[in-house]
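Worksheet for the structure shown next.
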Protein chains: 2
Amino acid sequence: MDAGEAVETIQREMTVFARRARASAGRLHPELSLVSYTLLGHLEDSGGCRATDLAAHYALDKSTVSRQVTALERSGLIERRQDRTDHRVQVLHLTDAGRSILAQVTQSRRAAFRERLAEWPEPDLERFAEYLVRYNAWGGSGTPDAG
Amino acid sequence: MDAGEAVETIQREMTVFARRARASAGRLHPELSLVSYTLLGHLEDSGGCRATDLAAHYALDKSTVSRQVTALERSGLIERRQDRTDHRVQVLHLTDAGRSILAQVTQSRRAAFRERLAEWPEPDLERFAEYLVRYNAWGGSGTPDAG
DNA sequence: GCGTCAAGTTGTACGGTGCAACGAGGCGGG
DNA sequence: CCCGCCTCGTTGCACCGTACAACTTGACGC
């Protein structure tokens, strides 16, 4: 395989992955869509942020984020805290319930991935992980991915 | 990084990728959604197949495929050929227009990937490609992916 | 021939998304 | 001080992709 072929393969396989991920999203965890999951995950990592930050980070329209946030709040997984100094701003935080659900889903996703990767030698796992990080780190938001 | 961390990382990065891919799908190629693209690609690779085969391959409902196929046919990108011996069966084929569009989109996607991967040393590219193939090959359809 | 199975279509509903229009609140220059 | 402009967020609307269920048509075996 030369570099050209490798790029072709990466493109094709990333596309297949994206395609399947979308198709199967939500089957494992009907209680939490892929979108909601990543949003909650970002809230946990960031320790709370604004809807606008989520929209920028995931290249989503602010209206989409607004609706997702509304749904998550209705489900009791996140809460909004009005900013004292700027009344336009709502800082979003995970509730205990949100943290709990997020942990559960992460756990079951982790189990599925473990099973899938069980046969892999450890050095391969580590390299694969490193490649994915490198790939995703490129250029921040607004990049092509498999779109 | 130990094996456990590597699995965690692969899970998280695959999820990020899937999430972004979905968000940005269609922006680069408004003329051909990610779904249509993969369907056309499969038709090219397979040299023609049935709607049921597409549904099985991508773990989609047959109704979904039926509608996609209808749309692609209306756009003149594919054609249906009735099977002579089994009248229930429609074998789907790319039209010249379909082949042409597919080639264009593949070309521009390829360019985006090349740019994104330009800095990578060749051995890394090849290993990354191999890992992705290995990952996607696991268990065929109905597997968790990042869902 | 009749039941059963397979391929595909259609009705219906839902979730996620973007765009446009709008409302509410902050900020800075006349 | 007030007015215009910006930012954050919500809402109305439309669209796409998807699933499930019911149905039609055709093949196959007993």
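Atom set for the values below is all heavy atoms of this structure, side chains included, hydrogens, waters and symmetry mates excluded.
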- Item | Presence of B/Arg88 side-chain N/O under 4.0 Å of D/dT25 phosphate oxygens OP1/OP2 |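 B/Arg88 to D/dT25 OP1/OP2: no side-chain N or O under 4.0 Å.
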Spacing of [X] atom [atom1] relative to [N] atom [atom2], expressed in whole Å:
X: A/Asp53; N: D/dG9; atom1: CG; atom2: P; value: 8 Å
X: A/Leu54; N: C/dG16; atom1: CG; atom2: P; value: 15 Å
X: A/Gln90; N: C/dG26; atom1: CD; atom2: C1'; value: 15 Å
X: A/His57; N: D/dC8; atom1: NE2; atom2: P; value: 17 Å

- Item | B/Arg50 and B/Asp83 ion-paired at < 4.0 Å |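 No salt bridge links B/Arg50 with B/Asp83.
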Write out a two-atom table: protein N or O, nucleotide N or O from nucleotides 10-12 of chain C, distance below 3.5 Å.
residue: C/dG11; atom: O6; partner: B/Arg67; partner atom: NH2; Å: 2.2
residue: C/dT12; atom: O4; partner: B/Arg67; partner atom: NH2; Å: 3.3

- When you measure from the side chain of B/Thr52, which nucleotide among D/dA27, C/dG8, C/dT17 comes out closest?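 Between D/dA27, C/dG8, C/dT17, the one nearest the side chain of B/Thr52 would be C/dG8.
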Report the residues that fulfil side-chain contact (heavy atoms from CB on, under 4.5 Å) with [X], sequence neighbours left out, ordered by chain and then residue number.
X: B/Ala97; answer: B/Leu77, B/Thr95
X: B/Arg88; answer: B/Asp86
X: B/Thr106; answer: A/Gln11, B/Tyr37, B/Leu102, B/Arg110

- Side-chain heavy atoms of B/Lys62 within contact of B/Ser66, under 4.5 Å: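 No, every pair of side-chain atoms sits at 4.5 Å or beyond.
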- Pairwise side-chain contact, A/Leu43 with A/Cys49, heavy-atom cut-off 4.5 Å (strictly under):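 Counting from C-beta outward, A/Leu43 and A/Cys49 do come under 4.5 Å.
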- Cationic tip of B/Arg116 within the cone over A/Tyr135's six-membered ring, i.e. under 6.0 Å and within 45° of the normal?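 Yes, cation above the ring, under 6.0 Å and within 45°.
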Would you tabulate the pairs of protein nitrogen or oxygen atoms and nucleotide nitrogen or oxygen atoms of nucleotides 1-3 of chain D closer than 3.5 angstrom?
none

- Item | Close approaches to DNA chain C from residues 79-87 of chain A, in residue order (heavy atom, under 4.0 Å) |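 Within this stretch, A/Thr85, A/Asp86, A/His87 sit under 4.0 Å of the strand.
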